[in-house]
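Step one of this worksheet: look at the structure below.
Here, residue 1 is the first one in the sequence, and each next residue gets the next number. These numbers were taken from a predicted model, which means no experiment stands behind them. Numbering of ligands and ligand atoms starts at 1, following listing order.
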Amino acid sequence: MKRLLLTGAAGAMGRALRPRLAGLAEILRLSDIADPGAPGLNEEARICDLADAAAVMDLVEGCDGIIHLGGISVEDKFSKIMQANLLGLYNLYEAARAHGRPRILFASSNHVIGYYPQSQRLKGDEPPRPDGLYGVSKAFGEALARMYYEKFGQESALVRIGSCTPQPSNHRMLSSWLSYDDFAGLAACVFRAPRLECPVIWGASANDAGWWDNAASAYLGWRPKDNAEAWRAEIEAAGPRPAPDEAVARYQGGVFIDNPIFQED
Ligand code: NAI
Ligand code: 15L
């Protein structure tokens, strides 16, 4: 494709993925509310608040695909989540609708289903069980994307990311980890597939201890290669397994289960 928009480019995943996405498009348009750093060869950078509808409209113009990582990425006050993850997502989808419906890879989260027990293998069509306002905002995003698909044919990949970090670093991540390379491989499948539609995709590597079943999106041809199991000995040596009654060992959302509702100032 000609131009791929990467929102959240100044964040942890954005910075790690930027070099890995270079081959997907002739130009990578980097955007964030924070400075994503100087653009390199075949890159352009735009500071943009997702809550600013006019700015998002300009941002999306001329883009043939969007990887949407921007927004609040943890539990927070509702006012902050509302601006970035609710209003911001609406602005993005309205801009995409106005500019030829480029495919969108939406960074959803396992916290949409955080209250499911770790003993349950999920397929992706179960009712949401969000573990906080952040998880609710991602469920909103998935519902919004689905509505734009049904009403306007806007295709999106709803990628419920587990834990996307350089390497797995605790017992829960033996199940939830997604490597940066596997994310990049998924993005290539999403933008190259002849047919995308609007699937829920579990964003996890090929972990032996994984909880999630991607059979419903197998038509995209994504075959993750990394496996958190390679770090099991290191993780087990670093500390004891959490007690079975702790949230981090019981629920798929892990420690997010223990978050309070953060109050406004
Ligand atoms: P991050 O917090 O490091 O990056 C998010 C970026 O969004 C930041 O650079 C921030 O400045 C930007 N942002 C926040 N509000 C904005 C606004 N109003 N307008 C424009 N930009 C704004 O998060 P990370 O870890 O890089 O995650 C990326 C995405 O993936 C997030 O949407 C997150 O919810 C999702 N995700 C990440 C997981 C992970 O393990 N890293 C797991 C599940 C989902
Ligand atoms: C997420 O949705 C967060 O963005 C990330 O910071 C991690 O906490 C991840 O989920 C996780 O559940 O490990």
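Follow the hydrophobic side-chain contacts under 4.5 Å out from V60 and you reach F152 in the same cluster. When hydrophobic clusters are built by joining Ile, Leu, Val, Met, Phe, Trp and Tyr residues whose side-chain heavy atoms come closer than 4.5 Å, directly or via intermediates, L105 is grouped together with I201. Hydrophobic clustering places L24 together with F183 (ILVMFWY residues linked when any side-chain heavy atoms are closer than 4.5 Å, directly or through intermediates). Hydrophobic clustering (ILVMFWY, side-chain heavy atoms < 4.5 Å, transitive): I72 and Y90 are in one cluster.
Applying the 4.5 Å side-chain rule to ILVMFWY residues, one finds Y115, I257 in the same cluster as Y251.
Taking the six-membered ring for Trp and thresholds of 30 and 60 degrees, Y134 and H111 have ring planes inclined between 30 and 60 degrees apart.
Atom 3 (O) of ligand 1 has A12 N, 2.9 Å as its closest protein atom, hydrogens excluded (heavy atom only). Nearest protein heavy-atom contact of atom 28 (C) of ligand 1 is L69 O, 3.5 Å. Nearest protein neighbour of atom 27 (O) of ligand 1, counting heavy atoms only, is M13 SD, 3.7 Å. Summary of contacts: the protein heavy atom closest to atom 13 (N) of ligand 1 is G71 N, 3.5 Å. The nearest protein atom to atom 39 (C) of ligand 1, hydrogens excluded, is given as C164 N, 3.5 Å; this is a heavy-atom distance. Looking at atom 2 (O) of ligand 1, its nearest protein heavy atom turns out to be S73 OG, 2.7 Å. At the shortest separation from atom 30 (O) of ligand 1 among protein heavy atoms lies A107 CB, 3.4 Å. For atom 42 (C) of ligand 1, the closest heavy atom belonging to the protein is G162 O, 3.2 Å.
Less than 4.0 angstrom separates some heavy atom of S108 from each of these atoms of ligand 1: 43 (C), 44 (C). For ligand 1, the atoms sitting less than 4.0 Å from at least one non-hydrogen atom of G70 are 7 (O), numbered in the order shown with element in parentheses. Every atom of ligand 1 is numbered from 1 in the order shown, and the set under 4.0 Å from a heavy atom of S163 is 40 (O). Of all atoms in ligand 1, listed by their number and element, those nearer than 4.0 Å to a heavy atom of C48 are 19 (N), 20 (C). Within ligand 1, the atoms closer than 4.0 Å to a non-hydrogen atom of A84 are 15 (N), 18 (N), numbered from 1 in the order shown.
Taking 4.0 Å as the cut-off between side-chain N and carboxylate O, R146 and E150 count as a salt-bridged pair. One finds no salt bridge joining R46 and E44 here, because no Lys/Arg side-chain nitrogen approaches an Asp/Glu carboxylate oxygen to under 4.0 Å. Salt-bridge formation is detected for the pair R103/E155: a Lys NZ or Arg NE/NH1/NH2 atom is positioned less than 4.0 Å from an Asp or Glu carboxylate oxygen.
The shortest N or O to N or O distance between A34 and ligand 1 is not below 3.5 Å. Annotation: N110 places no N or O atom under 3.5 Å from an N or O atom of ligand 1; distance criterion only. Between L50 and ligand 1, at least one N/O pair is under 3.5 Å apart. For ligand 1, the polar-atom distance check finds no N/O of G14 at less than 3.5 Å from any of the ligand's N/O atoms.
Proximity annotation for atom 17 (C) of ligand 1: of V56, D32, D49, D49 comes nearest, heavy atoms only.
Listed by first and then second residue, the ring-ring contact (aromatic ring centres under 6.0 Å, His included) pairs involving residues 221-242 are W177-W231 (not counting sequence neighbours). Sorted by first and then second residue, the pairs that involve residues 185-205 and meet ring-ring contact (aromatic ring centres under 6.0 Å, His included), not counting sequence neighbours, are W202-W212.
The local environment of CZ in F262 is crowded, with over 12 non-hydrogen atoms from other residues, nucleotides or ligands closer than 6.0 Å.
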If you look at each N/O of ligand 2, which protein N/O atoms lie under 3.5 Å away, and at what distance?
unit_1   : atom_1 : unit_2 : atom_2 : d
ligand 2 : 2 (O)  : S109   : OG     : 2.8
ligand 2 : 2 (O)  : Y134   : OH     : 2.7
ligand 2 : 4 (O)  : S73    : O      : 2.5
ligand 2 : 4 (O)  : Y134   : OH     : 3.2
ligand 2 : 10 (O) : H111   : NE2    : 3.1
ligand 2 : 12 (O) : N110   : ND2    : 3.1
ligand 2 : 12 (O) : H111   : NE2    : 2.7
ligand 2 : 12 (O) : R172   : NH1    : 3.3
ligand 2 : 12 (O) : R172   : NH2    : 2.8
ligand 2 : 13 (O) : S163   : OG     : 2.6
ligand 2 : 13 (O) : R172   : NH1    : 3.0

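For the pair K80 (side chain) and N85 (backbone), a donor-acceptor distance under 3.5 Å is absent. For the pair Q154 (side chain) and E94 (backbone), a donor-acceptor distance under 3.5 Å is absent. For S205 (side chain) and S179 (main-chain N/O), a donor-acceptor pair under 3.5 Å exists by modelled atom type.
For R15, the closest heavy-atom approach to ligand 1 does not fall below 4.0 Å.
If you check the side chains of N227 and D208, you find a donor sitting under 3.5 Å from an acceptor.
Proximity of H111 to ligand 1, defined as any heavy-atom pair under 4.0 Å, is not found for any part of the residue.
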